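Atoms within each ligand, like the ligands themselves, are counted from 1 in listed order. Remember, it's a predicted structure, so these values are computed and weren't measured experimentally.
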Amino acid sequence: MIYILGSDHAGLILGDFVKNYLLSKGFEIIDFLPKDSQKVDYPDFARKVCTEILKTQDARGILICGTGLGMSIAANRYKGIRAALCLDAYMAKMSRLHNNANVLCLAERISGLGEVESILETFIQTDFEGGRHECRISKIENFDL
Ligand code: RB5
C-alpha cells in the first residue's frame, strides 16, 4: 500500500508526524505536503492527492487541514474517492470496515498526536468488511450527478 500525503498550512505539523509514522512502519509514501508555512488553499492539495490516488495502484491518501472538513469536502468530489474525517480510532475503524474509505482526513487543530497515532494504526490495519456494504458503496458510485 502506498500512502499519498497532502495538507494545507494548518496541517503541516501533523503532516510531518504522519509522514514519519508511515516511514517508520516501512510504507512507501508520495509526499505532496507543502514545503513551507506559507498560507495555501486546501482544495489544491486535495486535488493533487486524489488525482494521484486514482492513477496509482494500491494507493490511499491522508489529507490534513485545520479541521479536516475542507479536505474531506473537496476529496469527496472525486468519483472513486471515499474520504473520511476521523477524530478517533472508532471512526477510523468504521470508515474502513463499512465505508471502505481510501482517504483519511485528519484535523490538526482538534486531534492530539496520541489520538492521531491510534487513528492511523486502526485505519491502516482494518480491512473492508464487504458484503452488504459493497452494494451501498456501489449506490454512491452510481449516483447520477
Ligand atoms: C485554514 O485556516 C482552514 O480553514 C483549513 O485548514 C481547514 O480547516 C478548512 O476546512
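- Among residue pairs with one or both ends in residues 25-34, those qualifying as salt bridge (Lys or Arg N to Asp or Glu O under 4.0 Å) are Lys19-Asp31, Asp31-Lys35; sequence neighbours excluded.
- The salt bridge (Lys or Arg N to Asp or Glu O under 4.0 Å) search around Glu129 returns Arg132, not counting sequence neighbours.
- For ligand 1, the atoms sitting less than 4.0 Å from at least one non-hydrogen atom of Ala10 are 6 (O), numbered in the order shown with element in parentheses.
- The number of heavy-atom neighbours closer than 6.0 Å to CD of Gln38, taken from other residues, nucleotides and ligands shown, is 12 or below.
- Residue contacts with ligand 1 for Met71 are absent, since no atom lies close enough (heavy atoms, distance under 4.0 Å).
- Ring geometry for His98 against His133 counts as parallel: the plane angle stays under 30°, on a 0 to 90° scale with 60° as the upper cut.
- Residue Gly66 places at least one N or O, backbone or side chain, under 3.5 Å from an N or O of ligand 1.
- Protein heavy atom in closest approach to atom 10 (O) of ligand 1: Gly70 N, 2.9 Å.
- Within 4.0 Å of atom 4 (O) of ligand 1, not a single protein heavy atom is present.
- Of the protein's non-hydrogen atoms, Tyr42 CE2, 3.6 Å is the one closest to atom 9 (C) of ligand 1.
- Atom CD1 of Ile13 is surrounded by 12 or fewer heavy atoms from other residues, nucleotides or ligands within 6.0 Å.
- Side-chain atoms of Leu104 and Cys86, non-hydrogen and from C-beta on, do get closer than 4.5 Å to each other.
- Atom 6 (O) of ligand 1 has as its closest protein heavy atom Asp8 OD2, 2.6 Å.
- Checking Ile73, Leu85, Ile110, Thr67 against atom 8 (O) of ligand 1, the nearest heavy atom belongs to Thr67.
- Among protein heavy atoms, atom 7 (C) of ligand 1 sits closest to Cys65 SG, 3.4 Å.
- Side-chain N or O atoms of Asn100 include none that pairs as donor or acceptor with a backbone N or O of Gly130 at under 3.5 Å.
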